[in-house]
Asks: 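Submitted below is the structure of interest, expressed as structure tokens.
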Amino acid sequence: MTPPPAWLAELQRVFGASLRTPLDREQGTLRSRHQRGLSIYNLQYWLRLFEALQSELPLTCRVLGAWAFNAHAETFLLAHPPVGWDLAGAAVGFEAHLFAALAQLDSPDAACDAARIDVAWSEVLRAPEPAPLRAPLSDPAQLACARLVRSPGAVWIEEHRPLLERRATLLACAPDSPLELPAPWPSPRHWLLVHRDGGVLQVPLETEEAHLLRLLEERSVQDSLGELEATCPPNERAALPARARQWLSRAVGLGVWEGTR
Amino acid sequence: MTSAGPRIARDALGLGLRLPHHAQLVTDWPEVGFFEAISENFLGPAPGPRRRLEQIRSRYPVVLHGVGLNLLGHAPLDEAYLDALCRLADAVDAPFVTDHLCWTGAHGVSHHDLLPTPFVPELVEWAAERAAYVQARLGRPFGLENLSSYVTFEESTLTEWDFYAEVIQRAGCGALLDLNNLYVSSQNHGFDPDAYLSAIDFSRVLQVHLAGHTLRADGLFLDTHDHPVAPPVWALYARAWKLGGPFPTLLEWDARIPPLPEVLSELDRAREVRR
């Protein structure tokens, strides 16, 4: 195929650099430093990307407020400008950037929890809807030695404040300023998110149940149950086998596991 | 290239497929000639968008409209993107596929915007060769849309309409004539929209786009797709119809999207305007 005219690459380099010039934030609004026509492209570049990142991490944006969120987004995008045709792909790596930045805040837990929820939510929705795993359950001995493989459409998370169960309400709040955060839980809560009927099913997990799910991802069923028992308070040990069976059965029914290895 | 996929009537009225309307569309199944899906919204692995698209495709013809081809980007075309686009076009049996006569990225950075170039003969042959290649890869008609723009280049030696018409003619591809873009650019750059219209070979027009725009306080027109179609654009549509109709017509609404009945009423307006 014929190569493009030699000047085109240079023209697009200069034009592209103008588009990516950071916006002026000094007067409390986002303004382009360019004149008229070029300012439109400059503004459109940043506002489109801010919106894309906000829609990937909507709860985080509400918790931080759009102004602070966009400042983090700008720092990230200057270091990692978008590549490829997929606008959602512009957010890849942003949560890691955010975690690093948020760790320096005085109380980062809410924003970090929100980012984990947002990432899990997207991950679940992008995966196929999981189906219940059946085959290995027919042979208990084989199942005991197996390691279970998590369905990409099922993710568990831990939160320190009631963000997930109030997600819809929080997302309805105006994003301009940070939210007044709900009070923290006395101890962390655990949730399972599953892609179901085109949406996300939120299932509360008991603490030990969440612990078991994490163990099952890392070791065989037998070893996981052994570890769970070893860390179980003595007064709960008698009831543990029945409860573990119940948790396993529920996870299998929800399609948490897509296979064994 | 002859039309592929299900037939779209030459005078069909279509709508840009937008998520806020989906639930009502698959309940009411309104009388709409065809839908246009933004290709990039359905190229990824997420199953939800593809499932929704299949629902719409079960009752309506679906054409694909891309924003990520980067036809005028200096780098080679993205073959992986084209592979995915071909698969999607095959999956929905698209009568035609369109994108823009513009660049979107360069030097490894995607700007996710539709960016202009100077209008020079040097670019015509190169752009036409790439557009012809895309059409051959797709194995179905491919159309190029004219841009709305906010800057011009001193280097330009052709008018926008001569550049656009020449690329399409040399590529042997189709045109997606966006009348709102044409109007917005004519106001921003001070040219006569009818001069543009008179350069169009309407036998190559796969479809015409209509949309709303915003006029800023400083006199700049923005292609925002967040309003009803403006009266001067309706007037331009009437003149285009008289000059080259019938052609399939599609309404785009991308921001501050109103309820479906309001969008459908804009299609009724289109019917009236061209009578």
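First the proteins, then the strands, lettered A, B, ... as listed; each starts at 1.
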Asks: With a 4.5 Å cut-off on heavy-atom pairs, point out which of A:Pro3, A:Ala88, A:Pro82 contacts chain B the most.
Replies: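 Ranked by contacts with chain B, first place is A:Pro82.
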Asks: Please give me the minimum heavy-atom distance between A:Arg36 and B:Leu220, naming the atom from each residue.
Replies: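 Taking A:Arg36 first and B:Leu220 second, the nearest heavy atoms are NH2-CD1, 3.5 Å.
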Asks: Does the side chain to side chain contact (heavy atoms under 4.5 Å, CB included) test come out yes or no for A:Arg20 and B:Val109, once each step is laid out?
Replies: CA-CA 10 Å; A:Arg20 299 193 301 275; B:Val109 178; 3.9 Å; yes
Asks: If you count heavy-atom pairs under 4.5 Å between each of A:Ala9, A:Ala90, A:Gly37 and chain B, which one has the most?
Replies: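 When all of A:Ala9, A:Ala90, A:Gly37 are compared, A:Ala9 has the most.
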Asks: For atom CD of B:Glu79, is the number of surrounding heavy atoms from other residues, nucleotides or ligands below 6.0 Å larger than 12?
Replies: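 More than 12 heavy atoms, drawn from other residues, nucleotides or ligands, come within 6.0 Å of this atom.
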Asks: Under 6.0 Å from the CD atom of A:Glu218, do we count more than 12 heavy atoms belonging to anything else shown?
Replies: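 Counting other residues, nucleotides and ligands, CD of A:Glu218 exceeds 12 neighbours.
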Asks: Sort A:Leu19 into side chain, backbone, both or neither according to what part of it lies under 4.5 angstrom from a heavy atom of chain B.
Replies: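 It is the side chain, since no backbone atom gets that close.
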Asks: For residues B:Leu222 and A:Ile40, report the shortest heavy-atom separation together with the two atoms involved.
Replies: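 Closest approach of B:Leu222 to A:Ile40, heavy atoms only: CD2-CD1, 3.6 Å.
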Asks: So which of B:Leu115, B:Asp78, B:Thr104 has the biggest tally of heavy-atom pairs under 4.5 Å with chain A?
Replies: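 Answer, by heavy-atom pair count under 4.5 Å with chain A: B:Leu115.
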Asks: Using the salt bridge (Lys or Arg N to Asp or Glu O under 4.0 Å) rule, collect all pairs that involve residues 45-61 of chain A, keeping only residues at least two apart or in two chains.
Replies: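 Listed by first then second residue: A:Arg48-B:Asp113, A:Glu56-A:Arg126.
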Asks: With a 4.5 Å cut-off on heavy-atom pairs, point out which of B:Ser149, B:Pro49, B:Gly73, B:Pro76 contacts chain A the most.
Replies: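 That would be B:Gly73.
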Asks: So which heavy atom on B:Gly108 is nearest to which on A:Val83, and how close?
Replies: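 For B:Gly108 and A:Val83, the tightest heavy-atom pair comes out as O-CG1, 2.9 Å.
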Asks: For A:Ala127, which atoms come within 4.5 Å of any heavy atom of chain B: side chain, backbone, both, or neither?
Replies: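 For A:Ala127, the contact with chain B is made by the backbone alone.
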Asks: Under 3.5 Å, side chain of B:His112 to main-chain N/O of A:Tyr45, donor-acceptor pair present?
Replies: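 No, B:His112 side chain to A:Tyr45 backbone: no donor-acceptor pair under 3.5 Å.
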Asks: Donor-acceptor check, side chain of A:Tyr41 to backbone of B:Tyr150, threshold 3.5 angstrom: yes or no?
Replies: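 The answer is yes, because a donor-acceptor pair under 3.5 Å joins these two groups.
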Asks: Got more than 12 heavy atoms from elsewhere within 6.0 Å of CZ, A:Arg250?
Replies: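 Correct, the count exceeds 12.
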Asks: Please name the pair of heavy atoms, one in B:Trp103 and one in A:Gln12, separated by the smallest distance, quoted to 0.1 Å.
Replies: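 The pair with the smallest heavy-atom distance is CG-NE2, 3.2 Å.
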Asks: Using a 4.5 angstrom heavy-atom cutoff, name the option from B:Leu72, B:Asn188, B:Thr117 with the most pairs to chain A.
Replies: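 Most pairs with chain A among the choices: B:Leu72.
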Asks: Counting only non-hydrogen atoms closer than 4.5 Å, can you tell me which residues of residues 120-131 of chain B sit against chain A?
Replies: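 Result: B:Val120, B:Glu122, B:Leu123, B:Trp126, B:Glu129, B:Arg130.
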Asks: Apply side-chain hydrogen bond (donor to acceptor under 3.5 Å, both in side chains) to B:His74 and A:Arg13, showing your working.
Replies: CA-CA 10 Å; B:His74 71 89; A:Arg13 188 190 64 75; over 6 Å; no
Asks: Between B:Ala75, B:Pro45, B:Ser39, B:Ser110, who has the most heavy-atom pairs with chain A when the cutoff is under 4.5 Å?
Replies: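 Going by pairs under 4.5 Å, I would pick B:Ser110.
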Asks: Before giving the answer on side chain to side chain contact (heavy atoms under 4.5 Å, CB included), spell out for B:Leu43 and A:Asp86 the whole-Å C-alpha distance, their side-chain angles and the decisive distance to 0.1 Å.
Replies: CA-CA 9 Å; B:Leu43 292 178; A:Asp86 183 11; over 6 Å; no
Asks: Mind checking whether A:Phe15 and B:Phe153 have parallel, tilted or perpendicular rings, split at 30° and 60°?
Replies: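 Tilted.
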Asks: Identify which of B:Ala46, B:Pro47, B:Ala84, B:Gly48 forms the greatest number of heavy-atom pairs closer than 4.5 Å to chain A.
Replies: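 When all of B:Ala46, B:Pro47, B:Ala84, B:Gly48 are compared, B:Pro47 has the most.
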